[in-house]
Structures are given as C-alpha cells and as structure tokens.
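In what follows, chains are A, B, ... by sequence order, proteins preceding strands, each numbered from 1.
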There are 2 protein chains.
Amino acid sequence: MGKQSMDLMRGTLDLLILKILSAGSLHGYEISKRIREQTEAEIFVEEGALYPALRRMEERNWLTSEWGISSNNREVKFYLLSSEGKRQLKEQSAQWDRYVRAMDCVLKAARSMA
Amino acid sequence: MGKQSMDLMRGTLDLLILKILSAGSLHGYEISKRIREQTEAEIFVEEGALYPALRRMEERNWLTSEWGISSNNREVKFYLLSSEGKRQLKEQSAQWDRYVRAMDCVLKAARSMA
DNA sequence: TTCTTATACCTAAAAACATTATGCATAAGA
DNA sequence: TCTTATGCATAATGTTTTTAGGTATAAGAA
C-alpha cells in the first residue's frame, strides 16, 4: 500500500483481502480497486504488494483461484475464500480489534506532563 | 513485539514510544514495561525491536537521550521527546486514527454474500 | 489508424523492520 | 552464593513492502 500511512498496513493487507472476498469472488485488480474506494483512498494497495499477497494466501489455502472472464470481457483470475480463509478472517478480525483497543489504552491515556 | 498480534505492530512501535514519552522522559526498559502494562500484555515489545527503534528515533531527532540513575539505583539511558518528536506524535496519531477509520470502512461493511 | 488510458497480470531487487538468539553487567533477595 | 529482575546492546534471519520494471488487451480519442 502507499507509504502515505506509515507502515500501518503491515499485517492488515491479508485481513483486508479476506474481508473484501467475503462478499464473493473477485479478481486482483478489482480487490485493489474496492479497497481504495471503500477507504476513500486512505489505503491503496500497490500491485507489487497485492499479487504476492494473493499468491501467499493461496499457498496457505486461504484462497482458491481460477481464470475467467471479467465483466469487461477480459481474462482475469478470480479468487475465492476457502473455509480456512473464512476462519482466518474471523481470527484476524478479532486480533485487529484487540490490537486497536490496546493501542487506544496507550493513545487515549492522559498525559501526566506536557 | 510479540507475534501474537500478526504484524500489526509494524509502524505502530514508534507511535507507542512517542506517546509513552509524552508523559515525561523514561529509560528503554521502563518504556517497554509501560507498553506491556498499559495494553494488558496485548502488545509486548521485544528488546531486539525496542533498542533499535530508540536509536532510529534518536537519529531522526525525535528523541534525545542521556545517561542517568534510575529509581532502582541503576545506570540507565533516559529518552526525552524533542519538539520534532512532539510533532511526529501529533502527525502519527492522526495517521493512525485515519487508518483505523479506513479499516473500519472495510471491516464493518455488510457482506453481500455468505 | 494510431495514440493514450485504463485494465490486468506478474516478478526481481532493494529497503525496512521484527523476531530470535545472543552477550554483558548489576542490584536485590533467597 | 545463586537466582531473578533489571538494563543495555547487536547480529543473523525472515517476512513483507516499496520501487521499478515487464507484458498484454480493450476502448475511446485524435
């Protein structure tokens, strides 16, 4: 993703992809477009990050893929969430929530000094 | 930090340290203890991550440091937020908030399919 | 028809950072 | 005296992102 957001995206890319795919199978380019759109461009996945991530997740059996034709009449590779992928989505979502809460504990703490 | 939280800590370590130090100068070991305590052990910074991070941040002039004596009567290195560090804290806090909101846009979206 | 843009896939080199595994040293209490 | 907690630090390794390329096609503009 763009470095506009520090390194925050580390570890969240998989979660984003899993979540986006939970709405149904999509091809890579479309996944990236949806992340950009749904986050109002706050999060932008570089292609060099996207495609390796998809391969990685497929290797780990979180996704399956097959070639098909897009609505644009182009050859594209569709990715589909596996049952393990659904499990991962659930687990990583919970982990993210816990992490955000933990960050809040520190960030929302009153400063005792200036 | 512990891998218990995926790779989520990437990019948040600096922010955590900056925030912790905004309460006043502390030494490294104490910084790590406070992060662990305040997050109820959800986030744990490994020493191999902590000390390089402190050096990095000092090089970037976000922190200054000086040797002193801890309340335990031990020689320790105290870190102090610089004005640039305060600026960074403000900026990275805002960035983190934006990122969390962006993640929410995706994660809280209704799934159109099972 | 040719040019440009958006779409769509992919990989390799480099950089950045965390984890893991060390090492060293001292204070305090058992 | 031994162990534990405190406290600093670095090196090797691994993972992932960024950057920077490469290829190809469909559609619309010039």
Side-chain angles (χ1 to χ4, degrees), chain A residues 1-18 25-37 41 43-60 62-63 65-79 92 95 99, chain B residues 1-17 20 25-37 42-60 62-63 65-79 92 95 99:
Chain A
M1 317 183 194
K3 73 153 157 260
Q4 71 278 6
S5 323
M6 311 189 274
D7 240 329
L8 263 18
M9 58 293 293
R10 285 267 176 174
T12 60
L13 177 53
D14 291 0
L15 174 53
L16 284 169
I17 293 174
L18 289 169
S25 72
L26 293 170
H27 61 270
Y29 197 80
E30 180 68 22
I31 292 170
S32 119
K33 256 180 65 183
R34 295 216 181 174
I35 291 175
R36 190 168 69 248
E37 285 166 10
I43 303 177
F44 174 69
V45 187
E46 306 285 346
E47 294 190 324
L50 176 71
Y51 293 108
L54 288 169
R55 288 188 150 278
R56 200 164 60 226
M57 293 168 77
E58 198 178 356
E59 269 167 34
R60 290 173 187 173
W62 300 355
L63 310 177
S65 71
E66 55 177 0
W67 288 93
I69 304 296
S70 77
S71 53
N72 290 345
N73 192 37
R74 307 194 59 150
E75 253 199 294
V76 293
K77 198 193 266 184
F78 286 100
Y79 289 90
Q92 292 193 22
Q95 239 163 38
Y99 198 83
Chain B
M1 318 183 192
K3 73 153 156 261
Q4 71 278 6
S5 323
M6 313 190 272
D7 240 329
L8 264 16
M9 59 292 294
R10 286 267 178 172
T12 61
L13 177 53
D14 292 358
L15 174 53
L16 284 169
I17 292 174
I20 294 281
S25 72
L26 293 170
H27 61 271
Y29 197 79
E30 181 68 22
I31 292 170
S32 118
K33 257 180 66 183
R34 295 216 180 175
I35 292 176
R36 191 169 67 250
E37 285 165 10
E42 176 65 28
I43 302 177
F44 174 69
V45 187
E46 307 284 347
E47 295 189 323
L50 176 70
Y51 294 108
L54 288 169
R55 290 188 148 279
R56 198 165 61 225
M57 293 168 77
E58 198 179 356
E59 269 168 34
R60 291 173 187 173
W62 300 356
L63 310 177
S65 71
E66 56 177 358
W67 288 93
I69 303 296
S70 77
S71 53
N72 290 346
N73 193 36
R74 308 195 58 152
E75 254 198 292
V76 293
K77 197 192 267 185
F78 286 100
Y79 289 91
Q92 291 193 23
Q95 238 162 38
Y99 198 83

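Atom CG of A:L50 and atom C1' of C:dT7 are 13 Å apart (whole Å). To the nearest angstrom, C1' of D:dT17 lies 14 Å from CD1 of A:I43. One atom, CE of A:M9, and another, C1' of C:dA15, lie 15 Å apart when rounded to the nearest Å. Look at NZ on A:K33: it is 9 Å from C1' on C:dA6, rounded to the nearest Å. If you take CG of B:L16 and P of C:dC17, they are 15 Å apart, rounded to a whole angstrom. The distance between atom CZ of B:R10 and atom P of D:dT17, rounded to the nearest whole Å, is 9 Å. In this structure, the CD atom of A:E59 is 14 Å from the C1' atom of C:dT11, given to the nearest Å. Look at CD on B:E47: it is 9 Å from C1' on D:dT6, rounded to the nearest Å.
DNA chain C is contacted by both A:Y51 and B:P52; A:Y51 maps to the nucleotide lying nearer its 5′ end (nearest heavy atom per residue). Annotation: of the two residues near DNA chain D, B:E30 and B:R55, the 5′-most nearest-nucleotide partner is B:E30.
A heavy-atom distance below 4.5 Å is not found between the side chains of B:Y29 and B:V76. Under the 4.5 Å side-chain criterion, counting only non-hydrogen atoms from C-beta, A:I17 is in contact with A:L50.
Using a 4.0 Å heavy-atom criterion, one finds that B:G28 contacts the sugar-phosphate atoms exclusively.
Note on A:S70: every side-chain N or O is 4.0 Å or more away from OP1 and OP2 of C:dT7. Between A:K77 and the phosphate of C:dC10, there is a side-chain N or O to OP1/OP2 separation shorter than 4.0 Å. The phosphate of C:dA8 (OP1 or OP2) has a side-chain N or O of A:H27 nearer than 4.0 angstrom. Note on A:R56: every side-chain N or O is 4.0 Å or more away from OP1 and OP2 of D:dG14. Dashed line: the shortest gap from a side-chain N or O of B:Y29 to OP1 or OP2 of D:dT6 is under 4.0 Å.
Scanning for side chain to side chain donor-acceptor pair (under 3.5 Å) contacts around A:R60 gives an empty result, with sequence neighbours left out. Residues passing the side chain to side chain donor-acceptor pair (under 3.5 Å) test with B:R55, sequence neighbours excluded: none. Remark: B:F78 engages B:H27 in a ring pair (Phe, Tyr, Trp, His ring centres under 6.0 Å) (not counting sequence neighbours). B:S70 is linked by a side chain to side chain donor-acceptor pair (under 3.5 Å) to nothing, counting only residues two or more places apart in sequence or in another chain. Under the side chain to side chain contact (heavy atoms under 4.5 Å, CB included) criterion, B:E37 pairs with B:K33, sequence neighbours left out.
A donor-acceptor contact under 3.5 Å is not formed by the side chain of A:E75 with the base of C:dC9.
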Protein-to-nucleotide contact annotation, 5' to 3' order, nucleotides 24-30 of chain C [B base; S sugar-phosphate only; - none; under 4.0 Å, heavy atom]: -BBS---

